[in-house]
4 protein chains.
Amino acid sequence: MDDGAPAVSLSETAREKLRQVVAKIERLEEEKKEVAAQIKEVYGEAKSMGYDTKALRAVVRLRKQDRQEREEQSILDTYLLALGEIEPLT
Amino acid sequence: MDDGAPAVSLSETAREKLRQVVAKIERLEEEKKEVAAQIKEVYGEAKSMGYDTKALRAVVRLRKQDRQEREEQSILDTYLLALGEIEPLT
Amino acid sequence: MDDGAPAVSLSETAREKLRQVVAKIERLEEEKKEVAAQIKEVYGEAKSMGYDTKALRAVVRLRKQDRQEREEQSILDTYLLALGEIEPLT
Amino acid sequence: MDDGAPAVSLSETAREKLRQVVAKIERLEEEKKEVAAQIKEVYGEAKSMGYDTKALRAVVRLRKQDRQEREEQSILDTYLLALGEIEPLT
DNA sequence: ACCTCGCTGTCAATGC
DNA sequence: GCATTGACAGCGAGGT
């Protein structure tokens, strides 16, 4: 049963703090939404310029993957180097 | 470096087992696809009978939500109350 | 303003028909859900048999792609080439 | 057959334009990522202050839903009424 | 360490 | 036809 009554009460101070937290999150989510809209816009413009959107997305995706793989590799190298498993380029 | 050569080999038995697993998954995905097609079909028939498809989908969606939403409500109420959500949104 | 009152009324016959349509859709969606659960189950079993689930999913995905794909790849190559991401065949 | 050779070539001008488009998208995605990280951070801080993160997320989600849902309700009510999901205003 | 859940990004379908 | 919206699969974080 849920009668809608909260199980606990919050002090006014706590409520105020909570409000701030939620407000901050919502503000940031709004920002994120705007940036997402801008990205969409760029794809839209590209499309109306004759670009193949799907391929364009694929390019961006692949480049991201490559970046990640390289990143992982370099951390890995750092570790291996630290462990003396590989030699630095002399 | 990845020369494309597998790091390990599978016995014939293991290969056979793998084949079976993949086959089973693919068979189930096929089934799922068929059911999805049937659903689409029903909406199609409904539409050609004059139903407002969008509204129909909304009904189904809402009924599903209603079935779900019946959890965590208590703690939630505390927060919502604190945020003044019990009052109309300004 | 939405006072919750429907804009139009439906005859009893129409209501009955509507009920049937919704029921049929919900039944099919239930089926679909079950099949999805079975797929998940297969992956689960595979995992507990020592399979690398992520790799397994990749296999299934690639096989599906192979079945479909053999398009757009050339546009993609064009883009990647333009960006210097891949090398032309010399 | 896909031998990896692009079907078409791009002029230098076109290549430059493509580069710009991709660069712009990547820059915006970077921004989005940063904002997402900030959001995550806020949740993290909230948690270390003793908030129930799950509930907090639920609050944010519900408030978003509330802001949205205020559409199509009229036709919808007709259908829901027919299905006995809601009662007519007596 | 595993598992669940939520989020994100992609793809297809529908309406304008 | 394009734009919007919804569905789905994949990934990652967080909790147990």
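Below, each value reflects all heavy atoms present in this structure, side chains not excepted, and no hydrogens, waters or symmetry copies. For clarity, every value in this text was computed on a predicted model and none was experimentally measured.
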message: Tell me whether the side-chain N/O atoms of B:K47 come closer than 4.0 Å to OP1 or OP2 in E:dT14.
response: no
Rounding to a whole Å, what distance do you find between [X]:[atom1] and [N]:[atom2]?
{"X": "A:R63", "N": "E:dG9", "atom1": "CZ", "atom2": "P", "result": "17 Å"}
{"X": "A:D52", "N": "F:dC2", "atom1": "CG", "atom2": "P", "result": "12 Å"}
{"X": "A:I25", "N": "E:dG6", "atom1": "CD1", "atom2": "P", "result": "16 Å"}
{"X": "A:Q65", "N": "E:dT8", "atom1": "CD", "atom2": "P", "result": "19 Å"}
{"X": "A:L62", "N": "E:dT10", "atom1": "CG", "atom2": "P", "result": "11 Å"}
{"X": "A:L56", "N": "E:dC11", "atom1": "CG", "atom2": "P", "result": "12 Å"}

message: Can you list everything that forms a side chain to side chain donor-acceptor pair (under 3.5 Å) with B:E26? Sequence neighbours excluded, please.
response: C:R63, C:R67
field: With A:R27 via side chain to side chain donor-acceptor pair (under 3.5 Å) - residues at least two apart
entry: A:E31
- prompt: Which residue pairs pass the side-chain hydrogen bond (donor to acceptor under 3.5 Å, both in side chains) test with at least one member in residues 39-53 of chain C, sequence neighbours excluded?
  reply: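 Not a single pair qualifies under side-chain hydrogen bond (donor to acceptor under 3.5 Å, both in side chains).
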field: Shortest non-hydrogen separation from A:L28 to D:V35 and the atoms involved
entry: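 Between these two residues, the closest heavy atoms are O-CG1, 3.3 Å.
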field: Partners meeting side chain to side chain contact (heavy atoms under 4.5 Å, CB included) with C:E16 (sequence neighbours left out)
entry: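 Once residues adjacent in sequence are excluded, the partners of C:E16 under the side chain to side chain contact (heavy atoms under 4.5 Å, CB included) criterion are C:E12, C:R19, C:Q20.
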field: Sequence-distant partners of B:A36, side chain to side chain contact (heavy atoms under 4.5 Å, CB included), two or more places apart
entry: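 Side chain to side chain contact (heavy atoms under 4.5 Å, CB included) check on B:A36 returns C:K32.
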- request: Produce a footprint string for nucleotides 4-10 of chain F: one letter per nucleotide, 5' end first; B if the base is under 4.0 Å from any protein heavy atom, S if only the sugar-phosphate is, - if neither.
  value: S-S-SSS
